[in-house]
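This one's a predicted model, so the numbers in the text were calculated from it and none came from an experiment. Lettering follows sequence order; numbering is per chain, from 1.
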Amino acid sequence: MDKIKYLSRIDLFKGLDPEYLESLGPVTPAHIMKRKTIVASPQSPQKCLFLVKSGMVRLYRVTKGGKELTIDILGEGHIFGEAGSFTTGAENVFAETLEDSYICKINKHQFESIITAHPELGLKFIELVAFRLKEVEEMLELMAYGSVRKRLLYLLDRVCQKYGEPTSVHEKQEADQTWVRLGIQLTHQELESMAGSIRETVTEHLRNFVFEGMINKASFRNRLLVCPDRIKKALEDCD
DNA sequence: ACATTAAAGGGGT
DNA sequence: ACCCCTTTAATGT
């Protein structure tokens, strides 16, 4: 597929002159990775920056007890990895594809020469990292003080913002309420591993959410329909 | 922890 | 390219 078109969809390169993208083309070779393959691990010899051109990648840590803690799920256009002293996401993180993905790998030198040649990319990069930091801080507060219900609501809300797609006419329609479909398959296991709970509890809460009309699972391909407004309201009413 | 159900993978036609 | 069977994963109790 068209390389430039892919590049323009990467957050870091969004809104840039196509001419720039042309010049970046040669240094951003892409790799096709099959579903369920490890893209990066703490053992990776090289510290690289990765661009997700298409597909889906899950970042997670493994705790001492062998449990996986999902840090984030990245879709098309997102970047991750480490490049020099800048890091997006923490160290000791595994990255695994959730579906067949098209991923581009940039090593430290390539990254540095890109930034040197295009300083405004450096600024953009800082913006992205800063945004991430904000997300993490917010999450931290919630994890420390929030109930499981609150944490789940928060996660759903965030996933909505990231992967919500507008619903079509055939799907859920209600006056005044917008429903979005999540462009991602969220299993109870994954929610558990993000909310730091146990699966049975997640199942129970999700059942309640359906009952309270905030989410709806009567939809194809296991992708939830969510009503973000109601989620937000419930979040405020929580504790 | 178990039973049921749904999805993914593989092979053959 | 399609369908069916087997295996594996997800869900509900």
Report all interatomic pairs (protein N or O, nucleotide N or O of nucleotides 1-5 of chain B) with separations under 3.5 Å.
residue : atom : partner  : partner atom : Å
B:dA1   : N6   : A:Glu200 : OE2          : 3.1

Pairs under 3.5 angstrom, nitrogen or oxygen only, protein versus nucleotides 8-11 of chain B, please.
residue : atom : partner : partner atom : Å
B:dG9   : OP1  : A:Arg35 : NE           : 3.2

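The 12-atom threshold is exceeded at NE2 of A:His31, counting heavy atoms of other residues, nucleotides or ligands nearer than 6.0 Å. Annotation for A:Ile32: atom CD1 does not count as buried by contact number, only 12 or fewer foreign heavy atoms lying within 6.0 Å. A:Gln161 CD: more than 12 foreign heavy atoms inside a 6.0 Å radius.
Partner A:Met194 forms a side chain to side chain contact (heavy atoms under 4.5 Å, CB included) with one of A:Val202, A:Ile71, A:Ile73 and no other, that one being A:Ile73. Here the rule is side chain to side chain contact (heavy atoms under 4.5 Å, CB included) with A:Leu191, and of A:Thr201, A:Leu152, A:Thr70, A:Thr203 only A:Leu152 fits it.
Panel note: side chain A:Glu141, backbone A:Glu138; no donor-acceptor pair is recorded below 3.5 Å. Listed for the A:Asp100 side chain is no donor-acceptor partner under 3.5 Å among the backbone atoms of A:Lys34. A donor-acceptor pair is defined here as one N or O able to donate and one able to accept, closer than 3.5 Å; no such pair exists between the side chain of A:Ser101 and the backbone of A:Met33. Side chain of A:Arg58 to main chain of A:Leu98: no donor-acceptor pair is present (N/O by atom type, distance under 3.5 Å, no hydrogens or angles).
In terms of heavy-atom proximity, A:Val148 sits nearest to A:Ser197 at CG1-OG, 3.8 Å.
Two different hydrophobic clusters hold A:Val52 and A:Phe131 under the rule that ILVMFWY side chains link at heavy-atom gaps under 4.5 Å.
In this entry the distance linking NZ of A:Lys217 with C1' of B:dA6 reads 13 Å, nearest Å.
Hydrophobic cluster membership for A:Tyr60: A:Ile38, A:Val62, A:Phe94 (Ile, Leu, Val, Met, Phe, Trp, Tyr linked by side-chain heavy atoms under 4.5 Å, directly or transitively).
Of all nucleotides in DNA chain C having an atom under 4.0 Å from a heavy atom of chain A, the first and last in 5' to 3' order are C:dA10 to C:dT13.
Applying the salt bridge (charged side-chain N to carboxylate O under 4.0 Å, His left out) test to pairs two or more places apart or on separate chains, those with a residue in residues 144-165 of chain A are A:Asp72-A:Lys162, A:Glu135-A:Arg158, A:Arg149-A:Glu212, A:Lys150-A:Asp239, A:Asp157-A:Lys232.
Across the helix from B:dA1-C:dT13 to B:dT13-C:dA1, the helix axis at one end is tilted relative to the axis at the other end by 20° (nearest 10 degrees, each axis from five pairs).
Base contact: A:Gln189 has a heavy atom under 4.0 Å from a base atom.
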